[in-house]
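To start, the structure under review is shown below, and the notes come after it.
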Amino acid sequence: RQITGMDEASVRDAFRAFLRAHPLSRDQLDFVERIVRYIAKNGFIDITAETIQKEPFKGTKIQELFRGQVPTWQEILAKVKEISGNTGVA
């Protein structure tokens, strides 16, 4: 039997400083929350165009969601890679 996932509190802690430093819209916060839950359930996430087309991200339009905030999106990607790297899946 294989155990997957991560402690959700640990994933939230990893995003805590980022969320304090970036005033996000309600939709952006919802998107980050979906990332947190996905990582907690699966242990990592590889954000690709294909991943964003599947649940729980289906219908998310990144270009619209982070219009004019490319650095914020890039920081989210960096945080996801950091977390995934800590699980040994980079």
Side-chain angles (χ1 to χ4, degrees):
R1 180 173 154 147
Q2 183 179 4
I3 298 175
T4 58
M6 288 183 71
D7 176 57
E8 189 168 330
S10 296
V11 180
R12 289 188 186 287
D13 285 346
F15 274 97
R16 184 166 285 128
F18 169 83
L19 292 172
R20 274 193 234 129
H22 296 84
L24 300 178
S25 72
R26 181 182 211 161
D27 289 339
Q28 290 169 331
L29 285 170
D30 177 63
F31 180 72
V32 171
E33 177 64 24
R34 285 184 278 158
I35 289 173
V36 167
R37 287 192 310 259
Y38 188 96
I39 293 171
K41 180 180 178 183
N42 297 290
F44 71 96
I45 183 173
D46 182 18
I47 296 183
T48 63
E50 184 178 321
T51 307
I52 298 299
Q53 299 307 312
K54 297 178 182 177
E55 293 299 335
F57 308 106
K58 191 172 184 177
T60 301
K61 294 181 172 101
I62 299 299
Q63 294 85 356
E64 291 178 22
L65 190 59
F66 291 97
R67 178 171 282 137
Q69 296 178 304
V70 172
T72 301
W73 172 239
Q74 290 171 336
E75 286 187 52
I76 291 170
L77 290 174
K79 182 57 66 180
V80 167
K81 286 179 183 178
E82 175 187 317
I83 293 168
S84 294
N86 288 338
T87 64
V89 181

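Note that the structure is a prediction, hence the values are computed from the model and not measured.
Under a 4.0 Å N-O distance rule, the pair R26/D30 does not qualify as a salt bridge. The pair E55-K58 fails the salt-bridge criterion, with no side-chain N (NZ, NE, NH1 or NH2) lying under 4.0 Å from an Asp/Glu carboxylate O. Between E75 and K79 no salt bridge is recorded (no basic side-chain N to carboxylate O distance below 4.0 Å).
Between V11 and I35, every side-chain heavy-atom pair lies at or beyond the 4.5 Å cut-off. Annotation: side chain of V80 is not in contact with side chain of Y38 (no heavy-atom distance under 4.5 Å). For the pair F31 and I62, the minimum side-chain heavy-atom distance is below 4.5 Å. In this structure the side chain of I83 reaches within 4.5 angstrom of the side chain of M6, judged on heavy atoms.
For T51 against F57, the heavy-atom pair with the smallest separation is O-CD1, 3.9 Å.
Distance check: L24 CG to L29 CG gives 5.0 Å after rounding to the nearest 0.5 Å. The structure places CD of E33 at 9.0 Å from CG of L19, a figure rounded to the nearest 0.5 Å. With rounding to the nearest 0.5 angstrom, the CZ atom of F66 is 11.5 Å from the CD atom of Q74.
A donor-acceptor pair under 3.5 Å is formed between the side chain of Q28 and the backbone N or O of S25.
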